[in-house]
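Below is one structure; the comments refer to it alone.
Chain letters run A, B, ... following the sequence lines, proteins first, then strands; residues in each count from 1.
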Protein chains: 2
Amino acid sequence: MNKGSYTYEYPRPSVTTDCVIFGFDSDGLSVLLIERGIEPFKGCWAFPGGFMQMDEDAETCARRELEEETGLKADYVEQFGTFSDVNRDPRGRTVTIAHYALVKKSEVKGADDAAQARWFPIGNIPPLAFDHDRILRVALKALREKIHFEPVGFELLPQVFTMPQLQDLYESILEVKFDRRNFASKMLKLGILNEVDDGTVRKGTRNPIKYSFNPESYSQMKAKGFRLEF
Amino acid sequence: MNKGSYTYEYPRPSVTTDCVIFGFDSDGLSVLLIERGIEPFKGCWAFPGGFMQMDEDAETCARRELEEETGLKADYVEQFGTFSDVNRDPRGRTVTIAHYALVKKSEVKGADDAAQARWFPIGNIPPLAFDHDRILRVALKALREKIHFEPVGFELLPQVFTMPQLQDLYESILEVKFDRRNFASKMLKLGILNEVDDGTVRKGTRNPIKYSFNPESYSQMKAKGFRLEF
DNA sequence: CTAACTTTGCGTAAAAATTACACATATAAT
DNA sequence: ATTATATGTGTAATTTTTACGCAAAGTTAG
């Protein structure tokens, strides 16, 4: 990372990436935020992100900043929009390429390096820096639309999960309620769930069946051309 | 637009916008391209676009470049992705914020200033400059997904159109075939079409009924929360 | 000019998908 | 010990989607 002086014939905006990190557990959908220690917006919370280097593309940058600032490596990172309002950063003209990441919260609890990083449930977001409130709204919209076509929810759940957990996830993201029985039959009919045999003999129904996601059968379905609807 | 010298502590990529312009007529879906007169990619075709100014956001820039290079003012312009591969422009690191525009081809035929601008049907695209072939593929995907949720097709048709025209449009964009009768009843059931009385007495059915899009009833439906599915 | 063909609108029966619930059972709560 | 709760399974009613027939008038071919 050379520091020095770079001169151009025309002015150029800074280019950054930001990453909205979604996690899910029994408390519902949350995002991981970082508290800003300096002005501007000192004390506000913000998404991890930073300047794009000359030798990396946007997604690479988003993954790097994500790891540097939170210690997390996310499997699933996707760009959902670029924000370029002229006055979005008081320090100077900055364009940010926004991404969202999906992480299995169960596998990373407390694994965030940054002491000032914290999970906030979607319904209880603190004041955000810059235009990050707008970015969050757009991220949520993008996630909601995405889940209608791809089973992104499985990126947010543990390897092994139950049908009620899966339903909770869909209901949290889409902010709707499904009939329990209809949801289960629809999900099972898709054929992308494997029943997991965890040894325990299932007597009664109070302890739910464990499932895992089957990426192979999903790829097959996708190849044939189908749509996942909810 | 000051020309001069602008110096920064860290290197910055150039930021441009590009605009994929979609049009539709009896020949199907096409895009408007500009032939490059200079290297690199001299003789290849490209989307209109150019450098973002410091006092405009991305969409404003896309609309400005669109008008400067083709003379067109588009009603509908939407960002669909940002392309940031390190080597996408041989002249230097450049990030482009890509948009697509929908225009009523019927109203602008031949109205493009740029002599070297030409419409190309989607099925017959010439060699494109830079990574514009990839950008086109992503644009098409974005348009296809969008049309499932919003009646963007009406931006591409004349004010007054017929049911077969509307069906052709959907079939061109989605690359599928619908049953004529089912398509019409589904469309009419949406309640966003006004029958246009053009004076002529409709004897027989060979001359089709004329319709226009009703934005008011569409807004109402949208407010109530619905989804347009095809 | 006439006959065959095509385009459009309207309508309907069959198939498929969605919706709304009932019941049984073992665990959890009181 | 009794009651309430969470889960799995199934099914009937409703709605939506699909497939296709028919009639009227313009278009085309000879």
Is B:K210 salt-bridged to B:E195, cutoff N-O under 4.0 Å?
no

For B:R180 and D:dT18, what is the distance between atoms CZ and C1' respectively, to the nearest whole Å?
15 Å

Any luck finding a side-chain donor-acceptor pair between A:E216 and A:Q220 under 3.5 Å?
no

Whole-Å gap separating C1' (D:dT17) and CZ (B:F183):
15 Å

Which of parallel (below 30°), tilted (30 to 60°) and perpendicular (above 60°) describes B:F130 and B:H132?
tilted

Among the candidates D:dG8, C:dA28, C:dG9, find the nucleotide nearest to the side-chain atoms of A:R206.
C:dA28

C:dG9 C1' sits how many Å from B:M163 CE, rounded?
10 Å

Salt bridge check: are A:R88 and B:D57 linked by an N-O gap of less than 4.0 Å?
no

Does a sphere of radius 6.0 Å around CD in B:E145 hold more than 12 heavy atoms from other residues, nucleotides or ligands, not counting ones at 6.0 Å or beyond?
yes

Measure the distance from CD on A:E195 to C1' on D:dG8 and round it to the nearest whole Å.
11 Å

Determine, for nucleotides 11-19 of chain C in 5'-to-3' order, which nucleotides have protein heavy atoms under 4.0 Å from the base (write B), from only the sugar-phosphate (write S), or from neither (write -).
B------SB

In whole angstrom, what separates B:Q167's CD from C:dT7's C1'?
12 Å

Which of A:I147, A:L143, A:L169 passes side chain to side chain contact (heavy atoms under 4.5 Å, CB included) with A:L174? Answer is A:I147

Rounded to the nearest Å, what distance is computed from the CD atom of residue A:Q165 to the P atom of nucleotide D:dG8?
11 Å

How close or far is atom P of C:dT25 from atom CD1 of A:I209, stated in whole angstroms?
16 Å

